[in-house]
Amino acid sequence: MSATDGGQEAGSFSFTQENLELARRIIAKYPPGRQQSAVMPLLDLAQRQNGNWLSRPAIEYVADMLEMPRIRAMEVASFYTMYNLKPVGKHFVQVCTTTPCWLRGSDDILHTCEKKLGIKAGETTADGQFTVVEAECLGACVNAPMVQIGDSYFEDLTPEAMEAILDALARDETPKPGPQNGRIASCPSGGPTTLTEMARRNGVKPAGQD
């Protein structure tokens, strides 16, 4: 079977027609002879199609499409933590436990997830709905503690806020991402101290003003 024919067989992987067309557009962004540079976005595309994890056939399929050694694609997939090499739950909860989040209570957030879901970090619930893992820095230090669930960041968490997010997901609802304490983006927690006129126009109370 060709790596680009769009077919699908048991125990194998191939892109859907829609994703195949998207993959070709991604590859076309790179100069001739440099198509292997598309390995990361194509692995991400394969992971999304495959239930948020990369099977060996999926990795090999991407490698064949890019005409690169399969071991090279496997090296990329196994190096970056953004790729999952085993199945994960529908809701993939990554709790940042790096220093800024740890100082702001990430241990409590992780323990809340474990207690609420009845699993330990690295495990998946029996119904396949939730996987919880510890993650390295996810780049939202100013809004610590935070978690990433799917493509969304949930920041300025408390144990109570984390429970509410998990409850909403369990009900198939979509909780609002971003800060959970009313903070606007990455403004100071007490409100903005500069550009205060802009803040007022946007309905945000500057720090120190009633």
Side-chain angles (χ1 to χ4, degrees), residues 8-16 19 39-63 70 73-102 104-140 143-178 180:
Q8 189 75 43
E9 298 176 354
S12 66
F13 176 90
S14 59
F15 282 136
T16 63
N19 282 343
V39 62
M40 292 190 68
L42 262 61
L43 286 173
D44 178 71
L45 185 62
Q47 177 166 273
R48 290 172 186 273
Q49 179 180 308
N50 200 51
N52 204 29
W53 74 287
L54 285 170
S55 62
R56 181 169 179 172
I59 297 169
E60 293 178 347
Y61 174 87
V62 169
R70 290 178 172 182
M74 180 62 75
E75 287 171 347
V76 174
S78 60
F79 179 81
Y80 292 99
T81 58
M82 64 187 283
Y83 302 118
N84 303 313
L85 300 184
K86 62 181 181 179
V88 297
K90 176 181 178 181
H91 305 294
F92 186 50
V93 183
Q94 301 180 74
V95 183
C96 180
T97 54
T98 307
T99 305
C101 280
W102 176 69
R104 297 276 292 176
S106 64
D107 281 355
D108 292 335
I109 303 304
L110 180 60
H111 295 156
T112 296
C113 292
E114 293 177 328
K115 181 178 179 181
K116 182 74 175 177
L117 299 173
I119 57 176
K120 295 294 185 181
E123 297 179 347
T124 299
T125 55
D127 60 6
Q129 289 296 298
F130 292 90
T131 296
V132 175
V133 298
E134 292 189 57
E136 292 301 318
C137 183
L138 293 169
N143 296 77
M146 59 82 63
V147 304
Q148 181 179 354
I149 306 177
D151 291 329
S152 297
Y153 277 16
F154 298 88
E155 307 158 350
D156 292 309
L157 291 168
T158 62
E160 295 75 18
M162 189 70 245
E163 281 201 39
I165 291 167
L166 295 175
D167 284 338
L169 292 171
R171 295 191 298 266
D172 286 329
E173 297 174 1
T174 303
K176 183 179 179 180
Q180 302 297 301

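We number each residue from 1, following the sequence as shown.
The shortest heavy-atom contact between Cys137 and Cys96 is CA-SG, 3.9 Å. Smallest separation of non-hydrogen atoms from Thr97 and Trp102: O-CB, 3.9 Å. For Val95 against Ser106, the heavy-atom pair with the smallest separation is CG1-O, 4.2 Å. Scanning all heavy atoms of the two residues, the minimum distance from Tyr61 to Phe13 falls at CD1-O, 3.2 Å. Here the closest non-hydrogen pair linking Phe15 and Val62 is CZ-CG2, 4.4 Å. Considering every non-hydrogen atom in both Asp108 and Pro159, the closest pair reads CB-CG, 4.1 Å.
Side-chain atoms of Cys101 and Met146, non-hydrogen and from C-beta on, do get closer than 4.5 Å to each other. Between Gln47 and Met82 the shortest side-chain heavy-atom distance does not fall below 4.5 Å.
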- Show your working on side chain to side chain contact (heavy atoms under 4.5 Å, CB included) between Arg104 and Ile109 and close with a plain yes or no. CA-CA 10 Å; Arg104 297 276 292 176; Ile109 303 304; over 6 Å; no
- Val147 and Gln94: CA distance, side-chain angles, deciding distance, side chain to side chain contact (heavy atoms under 4.5 Å, CB included) verdict: CA-CA 5 Å; Val147 304; Gln94 301 180 74; over 6 Å; no
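How far OG1 of Thr131 is from CD1 of Ile149: 11.5 Å, rounded to the nearest 0.5 Å. Expressed to the nearest 0.5 Å, how far CZ of Arg56 lies from OG of Ser12 amounts to 14.5 Å. Rounding to the nearest 0.5 angstrom, the gap separating the CD atom in Glu75 from the CD1 atom in Ile59 is 11.5 Å. Here the CG atom belonging to Asp44 is positioned 9.0 Å from the CG atom belonging to Asn52, to the nearest 0.5 angstrom. Annotation: the span from Leu157 atom CG to Cys113 atom SG amounts to 8.5 Å, rounded to 0.5 Å. Here the CG-CG distance, from Leu45 to Asn50, works out to 11.0 Å after rounding to the nearest 0.5 Å.
Using a distance-only test at 3.5 Å, with no hydrogens or angles considered, a donor-acceptor pair links the side chain of Glu114 to the main chain of Ala121. Side-chain atoms of Gln129 do not come within 3.5 Å of backbone N or O of Ala170 as any donor-acceptor pair. Judged by distance alone, the side chain of Glu136 and the main-chain N or O of Leu138 form no donor-acceptor pair under 3.5 Å. Without hydrogens or angle criteria, Glu134 side chain to Leu110 main chain gives no donor-acceptor distance under 3.5 Å.
Applying the side-chain hydrogen bond (donor to acceptor under 3.5 Å, both in side chains) rule to pairs touching residues 76-89 yields nothing, sequence neighbours excluded.
Partners of Glu163 by salt bridge (Lys or Arg N to Asp or Glu O under 4.0 Å), not counting sequence neighbours, listed by chain and number: Lys116. Under the ring-ring contact (aromatic ring centres under 6.0 Å, His included) criterion, Phe130 pairs with His91, sequence neighbours left out.
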